[in-house]
Chemist: 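One structure coming up, written as structure tokens, with questions to follow.
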Amino acid sequence: MRSFTLSAADDFEGWRDAARTAFQEGLSPEHVLFHVEGDQRSLLDGLDQHKANNTKSSSDVHSKKLVATTDFVALAKCVVCHSHEERFSLLYRMLCRLQKDKRLLSKMVDADVHRANVFAKEIRRDMHKMKAFVRFRETGISADETEQFVAWFEPTHHIVKATAPFFMRRFAGMHWSILTPKGCAHWNGKQLSFSAAVAKSMAPKEDALEDYWRSYYASIFNPARLKVSSMTSEMPKKYWKNLPEAALIPELVQKAQVREQLMLDSEPTVPIEAMMAHRQKPAERPKASRIRFETLDELNKDLSGCRMCPLWKPATQTVCGEGSPNSSLMLVGEQPGDQEDLRGLPFVGPAGQLLHDMLTETEVADAYITNAVKHFKFEPRGKRRIHKSPSAGEIDHCRFWLKAEIELVAPKVIVALGASAIRGITGKRGLVSELRGKPIELDKKVRLVVTRHPSSILRAKTAEEKHLAHQELLSDLRLAKSLVDALPPE
Ligand code: URA
């Protein structure tokens, strides 16, 4: 038996090097053991078997080169984050089998393939929960006058490193730390760093942000949509203890029926109009003297009061762009959806989760994300608000803002997610199917990568269509990433 020590629970590179060595030494999966440094249980296993280490004959050394498909590498990078102690052995076994059977991963009924996919699914779910349930608390002001935020989160798997780029994109302007019992992530506005696990006692206690979360949650809670079972499956009780707003749930659920009746009895509301009523002077349209904005904050202030087309009326709020204001990469979607409209942030609904997972998979850590149209266009249907695509005229009105954002962020690569984004960016009609897959020069300094919108994956009818759509979007994001990586240093 040969044992390999990995430096961390999510040490993909360590596992890959160990697997390569084990394979070249001709070791079959039953004769290889992986353990994580400092992990008592597997360390004992390793010591038990260490004696057998040197008994292997050198005659069974593999002369063949080890080959791993891109799909396998992507799956392995994800599966190493699982907390199951057999994950590394499972991957080594699959890797050995892959040498004889290149189509192994397509055999969904195979026990190893099935198990690895279950692990990957559990990890994606855990990452999704971390993105949804991390709550920052303000802990003070640093020497350079920047506010510091700290959050405590308890992931099931080793997902902190894999999920941190999401928070970096989303909270690029804040300095934050996410503390967890499985390692911590820190962002200082410039650099992402990681440190060892900490105990919950290190996390900050209640602060003023708790009230903010509670009032925010109470305001977006729609009693008409209450389904306790799906709510507890979306927000499992294990996360409640760290969520300030969770204290409200029992009361909101209890009052839901009464509130629903009140909603049905009352007139339809027009949220922005209602909000604007107590404002002194709603910004009708940008002032001529302010056609050029100095900063994104300045732009967003005027954008929030935009009345250039009627889409602002039924919307809850304007959804401005988000992310790193100096990023070389800008992603442009179509328009906010239901969740984005309620939360005031782009790409936080199902299509957004998918997009962020794919950005994580393609290792895009830094991007500015916005939409061609800044208000949610929908058709009320019963209790639901059904997405409606914006018209060419609505996109054209909103181009004013998109162009100003592009000027301020000055990205070198822009990704257009779908046809509305193509029109918003170029002012022209364009088909994704004709334009995707190759970079297009917008001007000397900026290249455009056209791709499909992530919601097209969610809408795909068959598993095959879904798979194809997923692969296309992934490969276009990889193309955009490679263009950014190839940029000369500033
Ligand atoms: N779809 C988009 O195009 N943008 C969003 O922000 C969300 C979904």
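If you read the sequence from its start, that first residue is 1, and numbering goes on from there. No hydrogens, no waters, no symmetry mates; every other heavy atom, side chains included, goes into these values. As the structure lists them, so they are numbered: ligands from 1, and atoms in each ligand from 1.
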Chemist: Considering residues at least two apart in sequence or located in another chain, which fulfil the side chain to side chain contact (heavy atoms under 4.5 Å, CB included) criterion with His186?
Modeler: Ser177, Leu179, Cys184, Ser193, Ser195

Chemist: Tell me, please, which residues at least two apart from Asp485 pass side-chain hydrogen bond (donor to acceptor under 3.5 Å, both in side chains).
Modeler: Lys481

Chemist: Is NZ or CZ of Lys131 both nearer than 6.0 Å to the six-membered ring centre of Phe166 and within 45° of the ring axis?
Modeler: yes

Chemist: Could you go through ligand 1 and note, for every N or O atom, any protein N or O atom closer than 3.5 angstrom, writing the atom names and distance to 0.1 Å, or 'none'?
Modeler:
{"residue": "ligand 1", "atom": "1 (N)", "partner": "Gln335", "partner atom": "O", "Å": "3.4"}
{"residue": "ligand 1", "atom": "1 (N)", "partner": "His453", "partner atom": "NE2", "Å": "3.2"}
{"residue": "ligand 1", "atom": "3 (O)", "partner": "Glu334", "partner atom": "N", "Å": "2.7"}
{"residue": "ligand 1", "atom": "3 (O)", "partner": "Gln335", "partner atom": "N", "Å": "3.4"}
{"residue": "ligand 1", "atom": "3 (O)", "partner": "Gln335", "partner atom": "O", "Å": "3.4"}
{"residue": "ligand 1", "atom": "3 (O)", "partner": "Asn371", "partner atom": "OD1", "Å": "3.3"}
{"residue": "ligand 1", "atom": "3 (O)", "partner": "His453", "partner atom": "NE2", "Å": "2.6"}
{"residue": "ligand 1", "atom": "4 (N)", "partner": "Gln335", "partner atom": "O", "Å": "3.0"}
{"residue": "ligand 1", "atom": "4 (N)", "partner": "Asn371", "partner atom": "OD1", "Å": "2.7"}
{"residue": "ligand 1", "atom": "6 (O)", "partner": "Phe347", "partner atom": "N", "Å": "2.9"}
{"residue": "ligand 1", "atom": "6 (O)", "partner": "Asn371", "partner atom": "ND2", "Å": "3.0"}

Chemist: Can you list every pair that meets ring pair (Phe, Tyr, Trp, His ring centres under 6.0 Å) and has a residue in residues 427-460, with sequence neighbours left out?
Modeler: Phe347-His453

Chemist: For Phe167 and Phe136, take the angle between the two ring planes, folded into 0 to 90°, and tell me which bin it lands in: parallel under 30, tilted 30 to 60, perpendicular over 60.
Modeler: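 Ring orientation of Phe167 relative to Phe136: perpendicular.
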
Chemist: Taking the six-membered ring for Trp and the single ring otherwise, decide whether the centroids of Phe171 and Phe149 are under 6.0 Å apart.
Modeler: no

